[in-house]
Amino acid sequence: QVQLVESGGGLVQAGGSLRLSCAASGRTFSSYATGWFRQAPGKEREFVAAISRGGGSIAYADSVKGRFTVSRDNAKNTVYLQMNSLNPEDTAVYYCAAANAHYSGRNYYQYDYWGQGTQVTVSS
């Protein structure tokens, strides 16, 4: 089992940047595929980015491609989401997720473990 704790959210102006971190417990974090999802008020949870357990496979939602970068440091049991050129439509609670698999992709139901979320608010 793995526990996930997100950090790095906050309030930023449009055009600004934030870096989210997701710290995982357990010594087998390198066995887990991870993903980032977000949920805005009144909307369904949506896929943001995914990265395989070794970091070799990566996918992004079209809405963030070219602006967001997902990465991981297995030695530190941490996954990152670098977010640049933020706009108000990026405002949401961002969740980190993990699955005991090589790669889990875009579907939230393929992930077994979830963090508590971190709020990102982008002002115009």
Side-chain angles (χ1 to χ4, degrees):
Q1 190 157 351
V2 63
Q3 293 182 326
L4 306 171
V5 179
E6 302 96 333
S7 62
L11 174 64
V12 63
Q13 289 187 332
S17 299
L18 284 173
R19 189 175 82 155
L20 305 184
S21 298
C22 173
S25 64
R27 293 180 292 177
T28 60
F29 178 64
S30 59
S31 299
Y32 290 82
T34 56
W36 287 95
F37 292 77
R38 66 186 182 186
Q39 188 167 18
K43 295 187 177 181
E44 294 186 352
R45 190 169 299 191
E46 66 171 349
F47 168 76
V48 175
I51 185 168
S52 61
R53 59 190 179 191
S57 297
I58 289 175
Y60 296 99
D62 288 343
S63 59
V64 307
K65 197 173 295 183
R67 300 187 297 123
F68 290 11
T69 302
V70 63
S71 61
R72 65 189 296 160
D73 185 340
N74 286 338
K76 296 183 178 180
N77 283 6
T78 303
V79 179
Y80 304 98
L81 185 68
Q82 177 67 44
M83 307 186 296
N84 299 328
S85 302
L86 286 161
N87 58 62
E89 289 70 38
D90 296 316
T91 295
V93 177
Y94 283 70
Y95 297 91
C96 175
N100 192 354
H102 167 69
Y103 177 72
S104 286
R106 302 170 181 265
N107 297 310
Y108 72 91
Y109 54 80
Q110 292 178 300
Y111 292 85
D112 305 305
Y113 307 101
W114 293 82
Q116 83 289 349
T118 186
Q119 176 70 47
V120 172
T121 303
V122 185
S123 63
S124 57

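The figures that follow rest on heavy atoms only: side chains count, while hydrogens, waters and symmetry mates do not.
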Sequence neighbours left out, what pairs pass ring pair (Phe, Tyr, Trp, His ring centres under 6.0 Å) with at least one residue falling in residues 35-70? F37-F47, F37-Y111, F37-W114
Y108, OH atom: more than 12 neighbouring heavy atoms under 6.0 Å: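 No, the 6.0 Å shell around OH holds no more than 12 heavy atoms from other groups.
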Is atom CD of Q116 surrounded by more than 12 heavy atoms (other residues, nucleotides or ligands) closer than 6.0 Å?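 More than 12 heavy atoms, drawn from other residues, nucleotides or ligands, come within 6.0 Å of this atom.
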Compare every heavy atom of [Y] with every heavy atom of [X], then report the nearest pair and how far apart it is.
X    : Y    : value
A24  : L4   : CB-CD2, 3.7 Å
Q110 : S104 : OE1-O, 2.6 Å
P88  : A14  : CD-CB, 4.2 Å
A98  : V2   : CB-CG1, 4.2 Å
H102 : S57  : NE2-OG, 4.2 Å
N84  : S17  : OD1-OG, 2.9 Å

How many angstroms lie between [atom1] in [X] and [atom2] in [Y], if you round to the nearest 0.5 Å?
X    : Y    : atom1 : atom2 : value
L81  : T118 : CG    : OG1   : 11.0 Å
R72  : C22  : CZ    : SG    : 9.5 Å
N77  : S30  : CG    : OG    : 8.0 Å
Q1   : Y113 : CD    : OH    : 5.0 Å
S123 : Q13  : OG    : CD    : 5.0 Å

Any side-chain heavy-atom pair from R38 and V64 closer than 4.5 angstrom? yes
Do you reckon [X] sits in the same ILVMFWY cluster as [Y], going by side-chain contacts under 4.5 Å, direct or chained?
X    : Y   : value
I51  : Y94 : yes
M83  : V48 : yes
V120 : Y80 : no
V5   : V79 : no
L11  : L86 : no

Do side-chain atoms of [X] reach the backbone of [Y] as a donor and acceptor pair under 3.5 angstrom?
X    : Y    : result
Q82  : R19  : no
Q3   : S25  : no
N74  : F29  : no
N107 : Y109 : no
T91  : V122 : yes

How would you list all residue pairs meeting salt bridge (Lys or Arg N to Asp or Glu O under 4.0 Å) that involve residues 57-67, not counting sequence neighbours? D62-K65, R67-D90
